[in-house]
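Here's the structure, in structure tokens; my notes come after.
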There are 2 protein chains.
Amino acid sequence: MALGKDYATQECSIARALEVVGERWTLLVVRDALYGVRRYNDFLVHLGIPRAVLATRLQMLTEEGILEKRRYQESPPRDEYVVTDRGIALWPTLRALGLWGREHYDGTVLRSFQHADCGTEIGPYGECSACGLVVPVEDVLMLPGPGLDPDPANPVSRALLKPKRLLQPVVVDQV
Amino acid sequence: MALGKDYATQECSIARALEVVGERWTLLVVRDALYGVRRYNDFLVHLGIPRAVLATRLQMLTEEGILEKRRYQESPPRDEYVVTDRGIALWPTLRALGLWGREHYDGTVLRSFQHADCGTEIGPYGECSACGLVVPVEDVLMLPGPGLDPDPANPVSRALLKPKRLLQPVVVDQV
DNA sequence: ACATGTCAGTTCGGTGACCGAACCGACCCT
DNA sequence: AGGGTCGGTTCGGTCACCGAACTGACATGT
């Protein structure tokens with residue numbers, strides 16, 4: 001994890017988790033992967049992250065089994081990074097964190113997440129209160145909220161304005 | 001947040017949250033606060049964190065309204081840091097993160113969390129399946145699991161072996 | 001009176017993670 | 001041949017974090 005070493009003295013699952021996803025940018029990369037971002041350049045544009053840091057994070061997340069590197073064309077060779085089950089399992093954490101940030105800092109809805117089957121807003125543990133179950137991530141519908149810039153500069157942000165289910169690859173229209 | 005600046009280009013509640021609690025050690029300090037740790041020295045001993053970093057984090061968390069500094073004796077003047085509602089609201093995030101770490105890395109239960117009223121293990125939505133409700137943090141009973149060292153070196157870890165409710169101040173026995 | 005100990009920090013020198021910008025190689029198109 | 005894209009790597013500078021030492025206010029023991 002970030003800086004120096006690990007949380008050596010800790011005997012704690014939270015500390016163990018933070019050793020893997022606690023570094024700067026890491027959770028945002030996973031978030032984007034859940035949103036359907038898959039390509040190096042799309043992560044780069046959407047996150048505004050230094051190139052070297054992105055390369056390091058993608059490699060580390062791949063080694064940890066959170067992303068999977070997959071060749072999608074041969075010439076020129078191009079790989080995409082697809083989120084695995086282990087990465088998908090981080091959704092409740094990201095959802096809880098997002099709700100906390102919205103509640104205590106944003107004060108407005110930037111994105112809303114609904115159960116695709118019934119339209120109910122997803123709760124802090126990724127559950128649908130109406131159906132009383134944890135909604136599978138692929139059944140979560142992401143919609144832009146009123147607080148979101150309706151005309152962002154970069155094409156990935158623009159592609160993420162369309163309502164879409166999580167995990168569905170994002171389609172970036174070429175200019 | 002960690003390093004340099006913020007996540008400037010992001011319009012996202014998750015990024016906003018990480019600007020506040022995304023730095024190294026920060027979430028572990030909040031975790032300890034929820035466990036009932038309140039004093040500088042207890043945080044220091046339990047976390048094994050550099051003193052300067054702890055001082056910075058406590059000040060920042062206080063400014064952000066996640067902890068509250070409170071004088072508990074006058075001579076010598078001593079303050080304790082008590083978690084506020086805003087900090088308590090991070091419990092679902094920490095719970096989700098801990099479950100992920102346990103599931104994917106630890107493979108054993110280090111601490112278990114039960115509904116104090118009925119002894120049922122808290123579910124993945126923070127709910128008590130027996131009572132059918134989301135358990136308020138003060139009604140969560142924390143118990144040591146089989147994976148936890150039964151005789152830790154430092155007195156704070158030892159005090160946290162006793163079953164106790166979250167938020168209840170931890171009692172460290174002097175030697 | 002004086003030494004010793006505790007608590008809550010601050011100070012300091014060294015290391016290394018992160019930053020932005022430039023560069024690189026493989027491939028494509030014209 | 002020239003220019004553009006994609007997915008990186010390299011590089012110098014800055015800043016966060018690291019551990020250890022120091023400080024000051026107070027309490028305790030003799």
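Chain letters run A, B, ... following the sequence lines, proteins first and then strands; every chain starts at 1. Just so it is clear, the model here is predicted, and its values are computed rather than measured.
In this structure, A/Arg24 reaches the C/dC19 phosphate: one of its side-chain N or O atoms is under 4.0 Å from OP1 or OP2. Look at B/Ser75 and you won't find any side-chain N or O under 4.0 angstrom from OP1 or OP2 of D/dA25.
Distance CD (A/Gln59) to P (D/dG7): 16 Å, rounded to an integer number of Å. As a whole-Å value, the separation of A/Ile49 CD1 from C/dC19 C1' is 11 Å. Per the geometry, CG belonging to B/Leu18 stands 14 Å off P belonging to C/dC18, to the nearest Å. Protein atom CD of B/Glu80 is 14 Å distant from nucleotide atom P of C/dC7, rounded to whole Å. Atom CZ in B/Arg71 sits roughly 12 Å away from atom C1' in D/dA25 (whole-Å rounding). One interatomic measurement links the two molecules: CD of B/Glu74 to P of C/dC7, which rounds to 18 Å at whole-angstrom precision. Atom CD of B/Gln73 is separated from atom C1' of C/dA8 by 12 Å (rounded to the nearest Å). In this structure, A/Arg39 places its CZ atom 10 Å from C1' of D/dC6, rounding to the nearest Å.
Closest to the side chain of A/Asn41, from the set D/dC6, C/dC19, D/dC17, is D/dC6. Comparing C/dA8, D/dC17, C/dC18 by their closest approach to the side chain of B/Arg57 singles out D/dC17. Minimum atom distance to the side chain of B/Pro50 is reached by D/dC18, of the listed C/dC19, D/dC18, D/dC26.
Using a 4.5 Å cut-off on side-chain heavy atoms (C-beta onward), A/Tyr40 and A/Leu58 make contact. In this structure, B/Leu161 and B/Pro152 have side chains that are in contact, with non-hydrogen atoms separated by less than 4.5 Å.
Taking the nucleotide of DNA chain C with the nearest heavy atom to each of A/Pro76 and A/Val53, the more 5' of the two is matched to A/Val53.
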Would B/Val172 and B/Arg39 count as a side-chain contact (heavy atoms from CB on, under 4.5 Å) if you check the C-alpha gap in whole Å, the side-chain angles of each, and the deciding distance to 0.1 Å?
-> CA-CA 11 Å; B/Val172 179; B/Arg39 302 188 182 177; over 6 Å; no

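Salt-bridge annotation for B/Glu127 and B/Arg95: absent, with no side-chain N of the basic residue lying under 4.0 Å from a carboxylate O of the acidic one.
With A/Arg78 contributing its side chain and A/Gln73 its backbone, the two residues share no donor-acceptor pair below 3.5 Å.
Each of A/Arg165, A/Lys164, A/Gln168 was compared with A/Met142 under the side-chain contact (heavy atoms from CB on, under 4.5 Å) criterion, and only A/Lys164 meets it.
Figure legend: cation-pi geometry between B/Arg86 and A/Tyr105, with NZ or CZ positioned under 6.0 Å from the six-membered ring centre and within 45° of its axis.
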Could you list the protein-to-nucleotides 8-12 of chain D atom pairs, N/O on both sides, closer than 3.5 Å?
unit_1, atom_1, unit_2, atom_2, d
D/dG8, OP2, A/Tyr81, OH, 3.0
D/dG8, N7, A/Arg51, NE, 2.8
D/dG8, N7, A/Arg51, NH2, 2.8
D/dG8, O6, A/Arg51, NE, 3.0

